[in-house]
Amino acid sequence: MEKVIYTPPPDGEIIQESKGRRQVPDKPVIPFIEGDGIGPDIWAAARRVWEAAIAITYKGRREIKWMEILCGEKATASGLPALPPETLEAIRKYRVAIKGPLTTPVGGGLRSLNVSLRQELDLYACVRPVHYYQGTPAPVKQPEKLNVVIFRENTEDVYAGIEWQAGSREAKMLADFVNRELKTPLSSEAGIGIKPITRRNTHRIVKAAIQYALEHQCPSVTLVHKGNIMKYTEGAFRDWGYEIAAQEFGEQTISEKALWEEHQGKLPANRILIKDRIADAMFQQVLLRPDEYSVLATPNLNGDYISDACAAQVGGLGMAPGANIGNGMALFEATHGTAPKYAGQDKVNPGSLLLSGVMMLEYLGWAEAGRAIQTALEKTILSKVVTYDLARQLLGAREVHCSEFADAIIKELSLI
């Protein structure tokens, strides 16, 4: 098979890391994966908005030099593996990348490319901010009360992919071992998965959440777990979360227990409250008392569920950005699926990918351009010029194509 060669733009520069500090040139090379299904539609729209915002904000001084890398259907259509090694090499080299949605099969077949990218690159923190933009139709009465950032552990839990099909030789061998050696009744016909949760990976995801809270002056970090049932995995996640908070942030944080025992429930100045909630109760909390939460730290599966549930309160996944962040490396992504029935129709809301790009701009230190996009997006929604997903819920809306939505946002950008 012919090796994939990615040709970087001749006038682009590589983002560097030195002593933990990011050094971003004015013309960084950013690899991108267009994505499957609706990927090309939302990519084209979002890219135009990012470029317009950067040009307007920095008046030509800064510019992203894009470099396409292949993954998913576009790779296999070229006779390549779904995840070519060169794609991983490019992300490692250039440190920051962005992608559209990739096809994830249900059941057998190809393993999730999203999970593979996160695990191969050790992008251990899935970061999902959930913020309400005025004018967006939402199913709750006060969507503006929900403003959280979810830090979901990305590399272990049931997403580690350690599982065996029901009836397979491996599943039967494991069931036989568990029954014989551990005296735990387990059907030899069961499909079996293993749920690893480690102190190391819990420490680093909770540490990232606390660091974010400190940098953004957030009042609390909540550990979301099901430790009342899964005591040695999710219960350990809770315990290890409190442990790293005390070890590395003892002067900057306070546990909920200490808050009530030592401070009568009044949060001391310049302290972040570390608390925990059972996962199922947390789903109720984000509906009934959303303004009591600011940063959530979760194991993998809990974070997946709670991210989508929170996004639903502020307009759906079409308005939900996301990033996968590791040490010195980040991959930003649309958080929804490929919606193949809409592929090529210029129909779908590009908001998730667009706002993931805003996260990328903030990561680059170009926050001014990101804020300009957020302002322009909100003004566009308030004018009721929206794509179908929002138009069907918004009285008096003018439904536009994906590309026309981008046009409207760019027009608002020019007026800022």
Side-chain angles (χ1 to χ4, degrees), residues 125-153 202 205-206 208-230 234-235 237-239 241-242 245 249 252-322 335 355 374 378 393:
C126 179
V127 184
R128 294 276 299 270
V130 182
H131 172 76
Y132 179 68
Y133 290 89
Q134 289 186 69
T136 307
V140 294
K141 292 180 178 179
Q142 295 177 298
E144 68 281 357
K145 285 190 172 184
L146 181 66
N147 188 18
V148 300
V149 180
I150 298 156
F151 280 74
R152 166 191 171 198
E153 203 290 321
T202 298
I205 190 66
V206 175
I210 295 173
Q211 287 174 329
Y212 178 92
L214 288 168
E215 290 167 7
H216 294 81
Q217 298 181 323
C218 301
S220 68
V221 173
T222 305
L223 310 171
V224 182
H225 62 91
K226 192 64 178 169
N228 58 328
I229 304 300
M230 291 171 277
E234 303 216 4
F237 178 90
R238 170 194 179 274
D239 295 342
Y242 280 117
F249 305 96
Q252 299 155 299
T253 65
I254 184 170
S255 70
E256 197 166 32
K257 180 181 179 182
L259 178 72
W260 287 100
E261 290 182 353
E262 301 170 17
H263 299 277
Q264 293 73 52
K266 294 181 180 180
L267 186 65
N270 302 317
R271 291 285 191 100
I272 290 174
L273 177 63
I274 308 297
K275 53 188 176 180
D276 72 277
R277 297 292 181 268
I278 301 297
D280 48 319
M282 192 67 218
F283 278 86
Q284 177 174 242
Q285 292 284 294
V286 295
L287 283 166
L288 299 180
R289 306 168 79 167
D291 47 353
E292 294 182 10
Y293 300 91
S294 51
V295 178
L296 309 181
T298 79
N300 209 327
L301 184 60
N302 293 337
D304 198 359
Y305 292 155
I306 200 74
S307 295
D308 284 11
C310 288
Q313 292 180 224
V314 299
L317 289 177
M319 298 296 294
T335 59
L355 291 169
Q374 290 175 304
E378 189 165 67
Q393 306 173 68

Those residues that, when tested against K257, pass side-chain hydrogen bond (donor to acceptor under 3.5 Å, both in side chains) (two or more places apart) | none
Can you tell me how far CD of E262 sits from CD1 of I254, rounded to the nearest 0.5 angstrom?
-> 6.0 Å
Output all residues satisfying side-chain contact (heavy atoms from CB on, under 4.5 Å) with A279, sequence neighbours left out; order by chain, then residue number.
-> V224, N302
CD1 of I210 to CD1 of I272, rounded to nearest 0.5 Å, is 7.5 Å
Atom OH of Y242: over 12 foreign heavy atoms under 6.0 Å = yes
Is there a side-chain contact between L214 and F249, using heavy atoms and a 4.5 Å cut-off?
-> yes
Under the ring-ring contact (aromatic ring centres under 6.0 Å, His included) rule, what pairs show up with a residue in residues 129-151, not counting sequence neighbours?
-> H131-Y133, F151-Y212
Looking at residues at least two apart in the chain, or sitting in another chain, which of them share a salt bridge (charged side-chain N to carboxylate O under 4.0 Å, His left out) with E153?
-> none
State the CD1-CG distance between I306 and L301, to the nearest 0.5 angstrom.
-> 11.5 Å
Can you give me every donor-acceptor pair (side chain of residues 286-298, partner residue at least two apart or in another chain, under 3.5 Å) with its distance?
residue, atom, partner, partner atom, Å
R289, NE, E292, OE1, 3.4
R289, NE, E292, OE2, 2.9
R289, NH2, E292, OE2, 3.1
Y293, OH, R277, NE, 3.1
Y293, OH, Q285, OE1, 2.5
S294, OG, S220, N, 3.2
S294, OG, S220, O, 2.8
S294, OG, S220, OG, 3.3
T298, OG1, G303, N, 3.1

Does E234 use its side chain to pair, donor to acceptor, with the backbone of K226 at less than 3.5 Å?
-> yes
The side-chain hydrogen bond (donor to acceptor under 3.5 Å, both in side chains) partners of T253 (sequence neighbours excluded) come to none
So, do H225 and I278 sit near enough that their side-chain heavy atoms are less than 4.5 Å apart?
-> yes
By side-chain contact (heavy atoms from CB on, under 4.5 Å), which residues pair with Q264, not counting sequence neighbours?
-> none
Gap separating the CG atom of N300 from the SG atom of C126, nearest 0.5 angstrom | 8.0 Å
Taking every heavy atom of I150 against every heavy atom of C310, the minimum-distance pair comes out as CD1-SG, 4.3 Å
For R271, what residues pass the side-chain hydrogen bond (donor to acceptor under 3.5 Å, both in side chains) criterion, not counting sequence neighbours?
-> none
List in chain and number order the residues that pass side-chain hydrogen bond (donor to acceptor under 3.5 Å, both in side chains) with D239, two or more places apart in sequence or in another chain; answer none if no residue qualifies.
-> none
Using a cut-off of 6.0 Å, state whether more than 12 heavy atoms not belonging to K145 lie near its atom NZ.
-> no
Non-hydrogen atoms of P143 and V314 that approach each other most closely = O-CG1, 4.1 Å
Could you state the interatomic distance from OG1 (T335) to CG (L355), rounded to the nearest 0.5 Å?
-> 9.5 Å
Looking at P129 and P321, what are the two nearest heavy atoms and their distance?
-> O-CD, 3.6 Å
Just grab all the salt bridge (Lys or Arg N to Asp or Glu O under 4.0 Å) pairs involving residues 293-312, residues at least two apart or on different chains.
-> R128-D308, R152-D304
Rounded to the nearest 0.5 Å, what separation is found between the CE atom of M282 and the CG atom of D276?
-> 11.0 Å
Apply side chain to side chain contact (heavy atoms under 4.5 Å, CB included) to V127 and V149, showing your working.
-> CA-CA 7 Å; V127 184; V149 180; 3.7 Å; yes
What one should report as the nearest heavy-atom pair of G241 and T202 is N-CG2, 4.0 Å
Shortest non-hydrogen pair, Q313 vs V140, comes out as O-CG2, 3.6 Å
Using side-chain contact (heavy atoms from CB on, under 4.5 Å) as the criterion, list what pairs up with A309, not counting sequence neighbours.
-> F283
